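Quick caveat, the model's predicted, so the values are computed rather than measured. These numbers come from the heavy atoms of this one structure, side chains and all, not from hydrogens, waters or symmetry mates.
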Amino acid sequence: MSRHLAPTLDSATASQLELAFDDNRLASQLYGDFDQHLALLEQRLSIAATPRGNHVMLKGGASGVDQARRVLESLYGQLEDGQSLAISDVDAMIRMIETEDSQLSLPTLEKKGRVRMAQIATRKATVVARSPAQDGYMRAMERSELVFGTGPAGTGKTYLAVAYAASLLERGDINRIVLSRPAVEAGERLGFLPGDMKDKVDPYLRPLYDALHDMMRPEHVERCIQTGIIEVAPLAFMRGRTLANAVVILDEAQNTTSMQMKMFLTRLGEGSKMIVTGDPTQIDLPPGQKSGLVEALGLLDGVEGVHISRFTDRDVVRHAMVARIVRAYEAATAAKTALRT
């Protein structure tokens with residue numbers, strides 16, 4: 001529990017506020033090693049944060065001080081709930097608070113109070129939303145039967161989809177997980193690769209396997225694959241099936257054709273959910289061939305039961321450098337487009 005001590009408003013634009021936290025041990029975790037969490041607050045919110053034991057003095061602009069208070073109180077609440085805290089969690093909370101202030105009606109946040117970010121929990125790990133877009137995406141997977149997650153690499157689209165599927169499987173809400181991905185590099189003709197079907201498509205589905213192993217024990221993953229509870233299904237082999245009581249994930253969907261996308265979406269059966277992820281700026285189809293993902297986003301926007309989550313470079317959580325790389329490529333693409341017009 002935190003307490004506010006001696007708040008002082010110097011003017012409409014300047015403020016100082018002293019916070020006190022009841023647990024010294026948790027307060028130390030809140031500040032971070034060498035107070036690095038407070039240093040990030042200072043940098044991002046243009047305030048000064050001075051710790052003294054379990055007290056923190058915040059000084060700066062009134063808006064920045066209030067945002068810093070909400071960040072610290074929300075993170076302290078997570079620590080009280082037994083969650084760990086890393087610098088990336090602090091960055092995520094700052095983003096959530098900033099979005100809360102810029103979007104006054106954002107429904108998933110508690111205005112001016114403790115922010116409760118969406119979570120996905122399995123026996124092995126708990127994943128907490130690290131950006132406003134992730135928060136909306138995770139909540140949409142609970143509410144909607146068909147969810148599209150589009151945007152650049154590093155935003156967590158695929159990872160969160162697999163985590164959500166794993167959580168439903170562990171809870172017994174579904175009977176199986178189906179993982180699919182177009183193998184564009186092999187022209188969907190996988191016969192020349194060695195091994196059985198799983199061996200043939202493993203290179204294309206490795207990101208999905210990696211996420212599964214983060215959420216479930218390796219031996220459990222392997223047992224589920226062997227028994228068909230977790231199924232690897234190349235997109236070309238999905239035709240004619242109806243998938244019931246399952247979470248079906250289509251990754252790299254920007255590389256599907258219009259026909260493939262329609263075929264995939266119409267596999268949805270009773271008690272199932274579909275999650276389609278992809279980056280419309282990374283299409284590897286032959287020139288002139290329209291992406292099934294791009295077409296579906298236009299056709300299905302606004303359809304009941306369908307939710308589209310669009311991520312941007314601001315939502316990249318993999319590494320700060322990834323966001324800068326994405327922005328550089330987007331700027332180059334925009335410049336080429338401008339020259340052509």
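Here the CD1 atom belonging to I177 is positioned 7.5 Å from the SG atom belonging to C224, to the nearest 0.5 angstrom. Atom-to-atom distance recorded for M238:CE and M263:CE is 7.0 Å, nearest 0.5 angstrom. Here the CD1-CZ distance, from I47 to R69, works out to 12.5 Å after rounding to the nearest 0.5 Å. Here T155 contributes atom OG1 and R310 contributes atom CZ; the two are 13.5 Å apart, rounded to the nearest 0.5 Å. A distance of 12.5 Å separates CG in D35 from CG in L40, rounded to the nearest 0.5 Å. Summarising the geometry, atom CD1 belonging to I174 is positioned 5.0 Å from atom CG belonging to L169; distances are rounded to the nearest 0.5 Å.
Within a 6.0 Å radius of CZ in R171, more than 12 heavy atoms belonging to other residues, nucleotides or ligands are found. The number of heavy atoms from other shown groups lying within 6.0 Å of CZ (R223) is above 12. Residue E145 places its CD atom among 12 or fewer non-hydrogen atoms of other residues, nucleotides or ligands, all under 6.0 Å distant.
Annotation: side chain of R176 is not in contact with side chain of N245 (no heavy-atom distance under 4.5 Å). I275 is listed as a side-chain neighbour of V247, based on a closest heavy-atom distance under 4.5 Å. Between L250 and T256, some side-chain heavy-atom pair lies under the 4.5 Å cut-off. Counting only heavy atoms from C-beta outward, the side chains of H55 and L19 never approach each other to under 4.5 Å. At a threshold of 4.5 Å between non-hydrogen side-chain atoms, the residues M141 and H307 do not count as touching. Between L146 and L300, the closest side-chain pair of non-hydrogen atoms falls below 4.5 Å. Contact check for S180 versus I249: no side-chain heavy atoms found under the 4.5 Å cut-off. The shortest distance between side-chain heavy atoms of Q16 and L58 does not fall below 4.5 Å.
Under 4.0 Å is where a charged nitrogen must lie from a carboxylate oxygen, and between D91 and R44 at least one such pair does.
V221 pairs in a side chain to side chain contact (heavy atoms under 4.5 Å, CB included) with only one of the listed residues (H213, M215, Q226), which is H213.
Of all the heavy atoms in L79 and Q83, the pair that sits closest is CD2-O, 3.4 Å. A118 and R139 make their closest contact through N-NH2, 3.3 Å (heavy atoms, listed as atom of the first residue, atom of the second, distance). When all heavy atoms of A296 and L265 are compared, the closest pair comes out as CB-CD1, 4.4 Å. Nearest heavy-atom pair across Q134 and G156 is NE2-CA, 4.0 Å. Contact record, K157 with P152: NZ-O, 3.0 Å, taken as the closest heavy-atom pair. When all heavy atoms are compared, the tightest approach of R130 to S88 is NH2-CB, 2.7 Å.
Side-chain polar atoms of Y159 and D214 form a donor-acceptor pair below 3.5 angstrom. At a cut-off of 3.5 Å, with distance as the only test, a side-chain donor of T277 or D251 sits close to an acceptor on the other residue.
Ring planes of Y31 and F21: perpendicular class, angle over 60° (limits at 30 and 60°).
At least one donor-acceptor pair closer than 3.5 Å links the side chain of Q254 to the backbone N or O of Q282. Looking only at distances, no side-chain donor or acceptor of Q289 sits under 3.5 Å from a matching main-chain atom of L285. A donor-acceptor pair under 3.5 Å is formed between the side chain of D315 and the backbone N or O of T312. Using a distance-only test at 3.5 Å, with no hydrogens or angles considered, a donor-acceptor pair links the side chain of E42 to the main chain of A49. D89 places a side-chain N or O within 3.5 Å of a backbone atom of A86 that can act as its donor or acceptor partner. Of the possible donor and acceptor atoms, one in the side chain of S291 sits under 3.5 Å from a partner among the backbone N and O of L293. For S15 (side chain) and A62 (main-chain N/O), no donor-acceptor pair under 3.5 Å exists by modelled atom type. Under a 3.5 Å cut-off, the side chain of K290 and the backbone N or O of T257 do not form any donor-acceptor pair. Formation of a donor-acceptor pair under 3.5 Å by the E170 side chain with backbone atoms of S167 is not found in this model. Listed for the T122 side chain is no donor-acceptor partner under 3.5 Å among the backbone atoms of A166.
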Under the criterion side chain to side chain donor-acceptor pair (under 3.5 Å), I'd like the reasoning laid out for T126 against Q119: C-alpha separation, chi angles, the key distance, then a yes or no. CA-CA 7 Å; T126 297; Q119 298 184 10; 5.4 Å; no
Take L30 and L85 through the side chain to side chain contact (heavy atoms under 4.5 Å, CB included) test and state the conclusion after the steps. CA-CA 7 Å; L30 179 65; L85 189 61; 4.2 Å; yes
Does the side chain to side chain contact (heavy atoms under 4.5 Å, CB included) test come out yes or no for Y76 and D22, once each step is laid out? CA-CA 10 Å; Y76 187 76; D22 292 342; 4.2 Å; yes
Could you walk me through whether F264 and V248 pass the side chain to side chain contact (heavy atoms under 4.5 Å, CB included) test, one step at a time? CA-CA 10 Å; F264 176 81; V248 190; 3.6 Å; yes
Can you check side chain to side chain contact (heavy atoms under 4.5 Å, CB included) on V90 and L75, steps first, answer last? CA-CA 7 Å; V90 181; L75 293 173; 3.9 Å; yes
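A continuous path of ILVMFWY side-chain contacts below 4.5 Å connects V303 to F148, so both sit in one hydrophobic cluster. Hydrophobic clustering of Ile, Leu, Val, Met, Phe, Trp and Tyr side chains at less than 4.5 Å, counting indirect connections, keeps F34 apart from L41.
Judged as a ring-ring contact (aromatic ring centres under 6.0 Å, His included), and not counting sequence neighbours, the contacts of F311 are Y137.
Residue pairs that meet the salt bridge (charged side-chain N to carboxylate O under 4.0 Å, His left out) test with at least one member in residues 253-273, sequence neighbours left out, do not exist here.
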